[in-house]
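One structure below.
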Amino acid sequence: EREREASAKRLRVRTSVLDKLVKALVATATNADTKGQGQALELPSPKPWDHPVNGAALLSDLTAGVRKYMVMEDGAAEAVALWVVHAHAVNAFSVSPRLAITSPEKGCGKTTCIDVVAILVPRPLTTANTTAAAIFRTIEAAQPTLMIDEADTFLTDNDEMRGILNSGHRRSAAFVLRLVGDDHEPRKFSTWAATVIAMIGRLPDTLEDRSIPVRLRRRLPEETITAFRVDRTPDLDLLARKVARWAADNFDTLRGSDPAIPSAINNRAADNWRPLLSIADAAGGEWPDCARRIAEKVVAGAGADVQSAKVMLLEDIRAAFEDQSTDRLPSADMVAALVGMEGRPWCEWRGGRPITQNSLARLLAPFNIAPGNLRAHSHVAKSYRLEQFRDAFTRYIPIPPSGTATPLQTAGTQGFPVETQPLHNRYTEECSGSNRYVADGDVGCSGSKKPENPQETAICSGVADETPLWKGSL
């Protein structure tokens, strides 16, 4: 201990490097026993098939091989087959979608699906529990195909783990920064790896958005499958070798591909499906059309089932304005309306408790929507105006069909009140220098134009404002 710093300086190395070298020499010299320190990683890859492989036939065989062992939704086995090929050629792509294997309940075959995929992909590493540090250090050292099972037991509330798995989706950003050694040297660790995540329920939103969803179902008595034995899979071993050969032969083609994306698929969903559609195009046969039909169906299904809390909130707020036929709502009334909506999460938003006015404000803040002070007679309350939501409604939620418009939401106004629409709740804004009141349909102030009723006072900048409240923003 007394010699290490001087020795490191003399050898012109960092003390952390010297410590590692000494430890290695001691272990070699004494044949140190490593029992209890875990096992070295063994990540085998299938030996490529000896002959060229027909891509279309390979994908069909993969689909049949996957469907043989489990009950899946239509199109799911084909998606798994395409994803398996992507795992063999992952470095040909700029995006690596996660493969999300989910089920509504246990006993649906998630672990079997993980085991089947593990046989088919290169360098599989299966874990049912892990840490964020273990993930990025293992990927940096070995670039495995990462197979995470039982993710519902540790992933949902693990922000660091989700961040690392999210970062591995896009190759250009697939790394994390950490400080290492006694000198706290900044180092980059790769998070770029094909990844499978299996869990009961839904993945966290940000991971779900970066995934190809595969939903499993519990088998009915009349649905027959082959019992899976991990030590008796010659059919899958053969397929794995053929995939390895086809991926190697077509690597350059896949790297340079730019597949046509169906118009119904855009944004991140398009990123997720681009590698798989590239594979389908290179395989040929019926697969280019088949893969696009499946992609459109999967994306449409995900769009119907998956909705972020913020987008759901916007839809429900629009409904609250329509139900109450008003263009402004006090924050308390809006919360009450949300909590009363059946089948929505607001009545049990956090820990079984209803959403609060503060939680509502935090959810709306990213849309640049904040409550303001509005006066109702002599009462001032934090409130929201429908006009504030115009941009968010237009950008994030679909326009209702023209045949379903309400008095506050006609086909021509897309959810916003026409200028002649009378108000049911009449509020005025309370703010420094521009407070106004409403009396018998007129707007008054205590500046150059005084209210007829001296008891109804308001302060303004000395200029009368006679604009009806439903015209424009206050």
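In this text, all values refer to a predicted model and were calculated from it rather than measured experimentally. Computation of the quantities below employed the complete heavy-atom set of this structure, encompassing side-chain atoms and omitting hydrogens, waters and symmetry-equivalent molecules.
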Is a side-chain donor or acceptor of [X] paired with a backbone partner of [Y] at a separation under 3.5 angstrom?
X    : Y    : result
D152 : M199 : no
N54  : A56  : yes
S7   : R4   : no
S167 : I164 : yes
N250 : W246 : yes
D237 : P46  : no
S211 : P213 : no
T131 : A134 : yes
E296 : R293 : no

Under a 4.0 Å N-O cut-off, is there an ion pair linking [X] with [Y]?
X    : Y    : result
R318 : E315 : no
D159 : R162 : yes
R202 : E208 : yes
D19  : K23  : no
R232 : D115 : no
D271 : R268 : no

Trace of the salt bridge (Lys or Arg N to Asp or Glu O under 4.0 Å) decision for R344 with D316: CA-CA 9 Å; R344 307 301 262 183; D316 291 346; 2.9 Å; yes
Point-to-point distance, once rounded to the nearest 0.5 Å, from [atom1] of [X] to [atom2] of [Y]:
X    : Y    : atom1 : atom2 : value
S278 : D258 : OG    : CG    : 7.5 Å
M334 : K382 : CE    : NZ    : 14.0 Å
N272 : I212 : CG    : CD1   : 5.0 Å
D74  : I294 : CG    : CD1   : 9.0 Å
R219 : I225 : CZ    : CD1   : 5.0 Å
D61  : L238 : CG    : CG    : 8.5 Å

Flag if over 12 foreign heavy atoms under 6.0 Å of [atom1], [X]:
X    : atom1 : answer
E223 : CD    : yes
D157 : CG    : no
E185 : CD    : yes
E222 : CD    : yes

Would you call [X] and [Y] a side-chain contact if the rule is heavy atoms closer than 4.5 Å?
X    : Y    : answer
P275 : L82  : no
V71  : L216 : no
R171 : V95  : no
V339 : C347 : yes
V214 : L99  : yes
T191 : I135 : no
P259 : R292 : yes
I200 : T102 : no

Could you go through residues 104-112 and list every donor-acceptor pair under 3.5 Å that involves a side-chain atom there, pairing it with any protein atom two or more places apart or in another chain?
residue : atom : partner : partner atom : Å
K110    : NZ   : S103    : OG           : 3.2
T111    : OG1  : D149    : OD2          : 2.9

Pair N91-R255, side-chain contact (heavy atoms from CB on, under 4.5 Å): steps then yes or no: CA-CA 8 Å; N91 290 325; R255 181 168 55 186; over 6 Å; no
Identify the two heavy atoms, one from [X] and one from [Y], that lie closest to each other, and give their separation to 0.1 Å.
X    : Y    : answer
A151 : I148 : CB-CG2, 4.2 Å
A337 : A320 : CB-CB, 4.0 Å
T127 : T130 : OG1-CB, 4.0 Å
I261 : A270 : CG2-CB, 3.9 Å
A118 : T126 : CB-OG1, 4.2 Å
L165 : R98  : O-NH1, 3.1 Å

Just list the side-chain donor-acceptor pairs under 3.5 Å for residues 352-370, sequence neighbours left out, or say none.
residue : atom : partner : partner atom : Å
T356    : OG1  : S359    : N            : 3.1
T356    : OG1  : S359    : OG           : 3.1
Q357    : OE1  : S331    : OG           : 3.3
S359    : OG   : R362    : NH2          : 3.2

Non-neighbouring partners of W349 that pass ring-ring contact (aromatic ring centres under 6.0 Å, His included), sequence neighbours left out: W346
Intermediate values then yes/no, side-chain contact (heavy atoms from CB on, under 4.5 Å), W287 and T63: CA-CA 12 Å; W287 277 92; T63 300; 3.4 Å; yes
Inter- and intrachain pairs under ring pair (Phe, Tyr, Trp, His ring centres under 6.0 Å), touching residues 168-189, at least two apart: F136-F189
Where at least one partner belongs to residues 60-108, residue pairs that pass ring pair (Phe, Tyr, Trp, His ring centres under 6.0 Å), sequence neighbours excluded: Y69-F228, W83-H86
Sole residue of R229, R241, K242, K68 in salt bridge (charged side-chain N to carboxylate O under 4.0 Å, His left out) with D235: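 So the option named by the test is K68.
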Distance flag, aromatic centroids of F321 and Y384, threshold under 6.0 Å: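 Ring-ring flag for Y384/F321: false, centres at least 6.0 Å apart.
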Results of side-chain hydrogen bond (donor to acceptor under 3.5 Å, both in side chains) for R178 - residues two or more places apart only: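 For R178 the side-chain hydrogen bond (donor to acceptor under 3.5 Å, both in side chains) partners, ignoring immediate neighbours, are E160.
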Pair D333-Q324, side-chain donor/acceptor within less than 3.5 Å: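 Distance-only check fails for D333 and Q324.
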V85/L62 under side-chain contact (heavy atoms from CB on, under 4.5 Å): CA gap, chis, key distance, verdict: CA-CA 9 Å; V85 180; L62 277 171; 3.9 Å; yes
Candidate pair I279 and L254, rule side-chain contact (heavy atoms from CB on, under 4.5 Å), full reasoning: CA-CA 7 Å; I279 292 166; L254 296 175; 4.0 Å; yes
Verdict with supporting geometry, K188 and E140, salt bridge (Lys or Arg N to Asp or Glu O under 4.0 Å): CA-CA 9 Å; K188 287 172 61 174; E140 175 65 36; over 6 Å; no
